[in-house]
Amino acid sequence: MTHSTTPFPDGFLWGASTAAHQIEGNNTNSDWWHKEHSGTSHIEEPSLDACDSYHRWDEDMDLLAGLGFTDYRFSIEWARIEPAPGHFSRAELAHYRRMVDGAIARGLRPMVTLHHFTVPQWFDERGGWTAEGAVALFARYVAATAPVIAEGVPYVCTINEPNMIAVMAGAAKAGDVGFPSAGLPTPDEETTWAVIEAHRAAVKEVRALNPQINVGWTVANQVYQALPGAEEVTAAYRHPREDVFLEAARDDDWVGVQSYTRTRIGADGPIPAAEDAERTLTQWEYYPAAVGHALRHTAGIVGDVPLVVTENGIATADDTRRVDYLTGALNEVARAIEDGLNIRGYLAWSALDNYEWGSYRPTFGLIAVDPETFARTAKPSAVWLGGLGRSRELPRGEG
Ligand code: BGC
């Protein structure tokens, strides 16, 4: 038996997320563009034109607003804004300001991510996050984004998934360039502390621009689940991959929770999902309950800091599985709210089928994009989820 109710409080953010490099196309001055053309074997294909959202962001926003969403998370591209060290492009800053204004004009509250995995190639060449002066360079970039974020942007994310940045740095040291090809390599500790310092510096800059902005960062949550007897191993495994980044968010205005699946841990570390488990196009176990665990674990570490689900979704070619996944996930969010967690919003990953860090194959989008014409088509899941944005009435299971 199901009944209908409205668990989401007034002002609850209801949206979808994207990231510049994954949708804009031709991000030629970024480190990722260079990696894509470096011949690295597990980067199957380059991003090239992506969804051409650099030119078609207005179509994306028209669709999202028309579907019923009230919030849109997108990132701005450091590699475009600062094409050479210390040279800030007024034209690119104006471009991103047009996006902020365009969102507001359509009734979409913009959530702006300042850094989503890509850095300018020059920053990478000088040694990336752990090089001397890297934190100051990031802080200078953040200050320079004032024309984009100082007015009308209620939420700013400094750095997306710092834990994945540290994991990628760890993988790179082991010779694996880009998104890790398998498993969750050991994060590079020097990178961990560098991005934490960069975050702290960025928070200061954002608060100086406008103290009204809610500033925070978004952490990838892998929902580590201990098999009986493996509780200590699990805690030790999780701390450098997740908790250290959540602890660093304790003085922030909010923290973003990003979750897709779970990772079970036995005495010797992660164990694969059961043979017969349903898997998504990323090969992750289909596990809609993940977001509930992720929210509760995050709250346990950050205390009263408000939570926003900034990414949650599924890569599938079968859109009915997406609706099923999101229904399960949203019921988890609703139960967590009812249990008293301070959850301010839910933004699905992703607005569009996009470049999934090495391949276009895993389709996370609510909206399909034709790779040749770039025509957008809202999938039934987008119509359904956007509709919930209007009604806020979630079909509830018994739970
Ligand atoms: C990232 C996204 C990515 C998604 C699905 C997160 O790691 O923030 O950029 O596309 O998960 O893999």
Side-chain angles (χ1 to χ4, degrees), residues 15-25 27 30-33 35-36 42-45 47 50-51 53 72-79 111-119 157-171 178-185 187 195 199 216-223 241-242 245 255-263 279-288 290-291 294 298 308-317 322 325-326 329 346-367 369:
S17 299
T18 58
H21 186 76
Q22 295 179 267
I23 61 167
E24 285 185 344
N27 188 17
S30 68
D31 64 327
W32 257 88
W33 182 273
K35 288 184 178 80
E36 288 164 21
H42 78 263
I43 296 184
E44 285 171 38
E45 53 184 330
S47 55
C51 308
S53 287
Y72 180 38
R73 173 181 176 227
F74 58 91
S75 75
I76 61 177
E77 187 55 60
W78 184 5
M111 175 187 278
V112 174
T113 305
L114 302 176
H115 168 66
H116 195 123
F117 292 157
T118 43
V119 294
C157 163
T158 60
I159 298 177
N160 178 71
E161 295 190 351
N163 48 340
M164 288 305 294
I165 296 174
V167 162
M168 281 188 257
F179 229 54
S181 49
L184 282 169
V195 289
H199 171 61
W217 68 358
T218 58
V219 178
N221 191 300
Q222 306 292 346
V223 183
R241 288 174 173 77
E242 199 166 297
F245 300 93
V255 62
V257 175
Q258 317 210 138
S259 111
Y260 294 90
T261 188
R262 67 171 164 182
T263 306
R279 286 172 185 269
T280 68
L281 289 175
T282 43
Q283 293 312 311
W284 301 339
E285 181 184 358
Y286 175 92
Y287 190 66
V291 70
T298 303
V308 181
V309 177
T310 38
E311 287 185 23
N312 179 240
I314 168 177
T316 179
R322 187 173 346 270
Y325 180 94
L326 295 174
Y346 179 89
L347 293 95
W349 185 268
S350 179
L352 307 173
D353 283 342
N354 61 27
Y355 183 64
E356 182 55 32
W357 306 111
S359 165
Y360 282 102
R361 221 172 358 89
T363 41
F364 277 95
L366 297 164
I367 298 167
V369 180

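When a ligand or atom number is given, it counts from 1 through the structure's own listing order.
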Check: Does a side-chain heavy-atom distance below 4.5 Å link Met111 with Thr310?
Finding: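 Heavy-atom side-chain distance check passes, below 4.5 Å.
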Item checked: Those residues that, when tested against Arg361, pass side chain to side chain donor-acceptor pair (under 3.5 Å) (two or more places apart) ->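 Arg361 satisfies side chain to side chain donor-acceptor pair (under 3.5 Å) with Glu44 only.
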Check: For Ser17, which residues count as a side chain to side chain donor-acceptor pair (under 3.5 Å) partner, sequence neighbours excluded?
Finding: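 Ser17 satisfies side chain to side chain donor-acceptor pair (under 3.5 Å) with no other residue.
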Item checked: Contact residues of ligand 1, where a non-hydrogen atom lies under 4.0 Å away ->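 Lining ligand 1: Gln22, His116, Phe117, Asn160, Glu161, Phe179, Gln258, Tyr260, Trp284, Glu311, Trp349, Glu356, Trp357, Phe364.
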Next item on the list: Go through the structure and list residues passing side chain to side chain contact (heavy atoms under 4.5 Å, CB included) with Thr263, not counting sequence neighbours.
Entry: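 If we apply the side chain to side chain contact (heavy atoms under 4.5 Å, CB included) test to Thr263, skipping adjacent residues, the hits are Gln222, Tyr224, Ile265, Pro270.
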Check: Between OH of Tyr287 and CZ of Arg262, what distance do you get to the nearest 0.5 Å?
Finding: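 Rounded to the nearest 0.5 Å, the OH-CZ separation comes to 4.5 Å.
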Notebook entry, point to check: When you check the side-chain N and O atoms of Glu285 and Thr261, is any donor under 3.5 Å from an acceptor?
Noted result: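 No, no side-chain donor-acceptor contact under 3.5 Å.
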